Amino acid sequence: RMNHFNVSHCILYYQQNPYKLNMEILFTTPRWTLNLILLTLVVRIQLGAASSEIQSLTSLSSTNRTLETDWTLESATVQIPNSDITLTTRLFNGQYPGPTLRLKAGDELQVHFTNQLEDQGRPYVHNEMSAPDETNLHFHGLHVSGELPSDDVTYVIQPGDSFDYVTVLPDNHLGGTHWMHPHRHGSTSLQVGGGAFSLIVVEDEEGFVPDQVKNAKEVLFLAHQLHPEEMQQASQQSSDGLWSMSGGTAIDIDEELVTVNGQLNPTITAHAGEWMRFRILWAAWQENTLDLHFDGCEMKLLAKDGVYIHDFPRSITATRIAQGGRADVMVRCPNASSRYSIQATEQQQVVATIHISDDPPQSSDDLEEWTPTYPEYLTDLRTTSVSEGCACQTELDDDTINGQLFEYDTYLHETYLNAVVEREVFAQGHSYHQHVYPFQLISGFFDNTGYIKEGDWHDTIIGEGVVRYQPNVFTGKVMIHCHILEHEDEGMMTMEYVHPISNDNPGTCSCGARPSVPIALIVGISVGAVVCLMVVGFFVKKKFYSADKN
């Protein structure tokens, strides 16, 4: 392949993928081309920071406990910095990524959302990639209601229509890193894969985190999975005529790319010895976790999926972020006038570079140990007894959950307020995601890197193990699905339901799929039918008795 590379394409390829300069290429690339490549790499090392600095994201913050914003999903054409790639796609407010929303506990989020896409006349087909121009919103990771006007992803907004989302964060909502993206069943992968997503930051309460964390340089690190070949297939399966990509002459179209803040391999400038807080989002819709390794720098895990870990600072050598997951990581690099690569090992790509300035190193202490005080909805459940009948199994396999494709009128499991709920999850090769309530890892899932441990909280996880959560605020539907969004679009999604309780109805749990019709109504209809049959039988019997008598 290298023997036929245009020189400019070749240079661009190795600017974006310097780790691929290997011995095979040394022996197969003409010497004059190789010299140009090496010269370009030297220039990039010396001058690249100024030309490819990570871009700042538009930010919207709440005031007086309210964040009100106008929001659109619209077609847009964007050029990917540090590349020759141009995308025509669907984006929030025409931006890649969309604006960042910054909230506080107790805030009300009001999103006046308009679907500005043109209707291509591509209808919804159940459990197939379809309806490319229909949409909605999901507040991924927020501990908020799953019912309208809040985070109800069963609601559909047609092209040209609008909806006013209103969702209220509980007063005890923990500070953390979350995100927002479309979630129309059938077109989620096309829209998220195309770049429609935004970060949501719930700010920490004053004095909650240690000063070392509070005062650290904040780096918003929105990693997006850009997979041209898979996007072409998703577009074709949806009969979509909007999404397209041009350029990309220096990449393989069948390769997965990772953009950061909408760029390829941006540079992050920092001082030697200073602590940085990386808020990392893996906005992914296909296979592959985000295993980030900060070459030559210290990495201390702070939080996962918007929940602080209980044993900070936890030393790690890499993240293992599931599709849709997040991680907050404290990073410190030692040497001035140096460059450190941030590598995504699954994708074999340098996704960003840390440039340490020439300034004298900053003196910074090692991070002190800290255990957060958790709100009630994050009560430690490791030693708590599971409520009677509330331990169920959930298996993701073959585009189904527990052998069933998604249906809008069916709940997989049912529970009730304040129950201690346990789920034995089988999600090998799938990214298990739960809305409304994060869950605590009780057993299984764990690896030998230290990134995943018993007692951690997640809303997205890969593998097999036991999790628990306690629904104590919101009743109604809780969506469950695979966050490999192609699988979700094709039916690997279901719902749980949390029932309210009262003195007359203390609550019960059930496992297994049931119609999403209230139990009382089902019982009432059944009893009514039995009574009706008895009455009919009585009169029929009486009629025949009278006939025999005559």
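The chain is numbered in sequence order, starting from 1. It should be emphasised that the depicted structure is a prediction, and the values quoted were computed from it without experimental measurement.
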Please list, chain by chain and in numerical order, all residues satisfying side chain to side chain contact (heavy atoms under 4.5 Å, CB included) with [X], sequence neighbours excluded.
X    : value
P375 : N172, L174, Y377, L378
V144 : L142, S150, D151, T167, L169
A76  : L91

Please report the closest heavy-atom contact between [X] and [Y], naming both atoms and the distance.
X    : Y    : answer
W243 : Q232 : CZ3-CG, 3.6 Å
G262 : P81  : O-CD, 3.2 Å
E454 : F446 : N-CE2, 3.2 Å
S130 : V125 : OG-N, 2.9 Å
D398 : M492 : N-CE, 4.0 Å
P132 : L117 : O-CD1, 4.1 Å

With Y155 via ring pair (Phe, Tyr, Trp, His ring centres under 6.0 Å) - residues at least two apart: F163

What residues, two or more places apart in sequence or in another chain, satisfy side chain to side chain donor-acceptor pair (under 3.5 Å) together with W179? H140

Those residues that, when tested against E488, pass side chain to side chain donor-acceptor pair (under 3.5 Å) (two or more places apart): H185, T188

Indicate whether the side chain of T353 and that of T267 have a donor and an acceptor atom separated by less than 3.5 Å. no

Can you confirm whether the side chains of S187 and D489 place a donor and an acceptor under 3.5 Å from each other? no

Below 4.0 angstrom, N of the basic side chain to O of the carboxylate: do [X] and [Y] qualify?
X    : Y    : result
R326 : D459 : yes
R468 : E422 : yes
E218 : R102 : yes

Under the salt bridge (Lys or Arg N to Asp or Glu O under 4.0 Å) test, residues paired with [X] that sit two or more places apart:
X    : result
D328 : R277, R279
E287 : none
R314 : D311, D456
E496 : R423

Can you label the angle between the Y124 ring and the Y408 ring as parallel, tilted or perpendicular, going by 30° and 60°? perpendicular

Give every residue pair that meets the salt bridge (charged side-chain N to carboxylate O under 4.0 Å, His left out) criterion with at least one member in residues 475-486, sequence neighbours excluded. E147-K477, D152-K477

Determine whether the aromatic ring centres of residues H181 and F92 are separated by less than 6.0 angstrom. no

Are the ring centres of H499 and Y497 closer than 6.0 Å? yes

Does the side chain to side chain contact (heavy atoms under 4.5 Å, CB included) test come out yes or no for I80 and L87, once each step is laid out? CA-CA 8 Å; I80 307 299; L87 293 177; 4.0 Å; yes

Count the heavy atoms belonging to other residues, nucleotides or ligands that lie under 6.0 Å from CD of Q233, then report whether that count exceeds 12. yes

For a quick test of your reading: what N or O donor-acceptor pairs under 3.5 Å do the side chains of residues 424-432 make, sequence neighbours left out?
unit_1 : atom_1 : unit_2 : atom_2 : d
E424   : OE1    : Q393   : NE2    : 3.1
H430   : ND1    : H487   : ND1    : 3.2
S431   : OG     : Q323   : O      : 3.1

Separation of SG atoms, C392 and C511, below 2.5 Å: yes

Start with the C-alpha distance between H458 and H433, add both sets of side-chain angles, then the distance that settles ring-ring contact (aromatic ring centres under 6.0 Å, His included), and finish with yes or no. CA-CA 9 Å; H458 284 249; H433 173 50; over 10 Å; no

Against H435, only a single residue in H138, H178, H483, H143 fulfils ring-ring contact (aromatic ring centres under 6.0 Å, His included); can you say which? H138

Between Y451 and K304, is there a cation-pi geometry (under 6.0 Å to ring centre, at most 45° from the normal)? yes

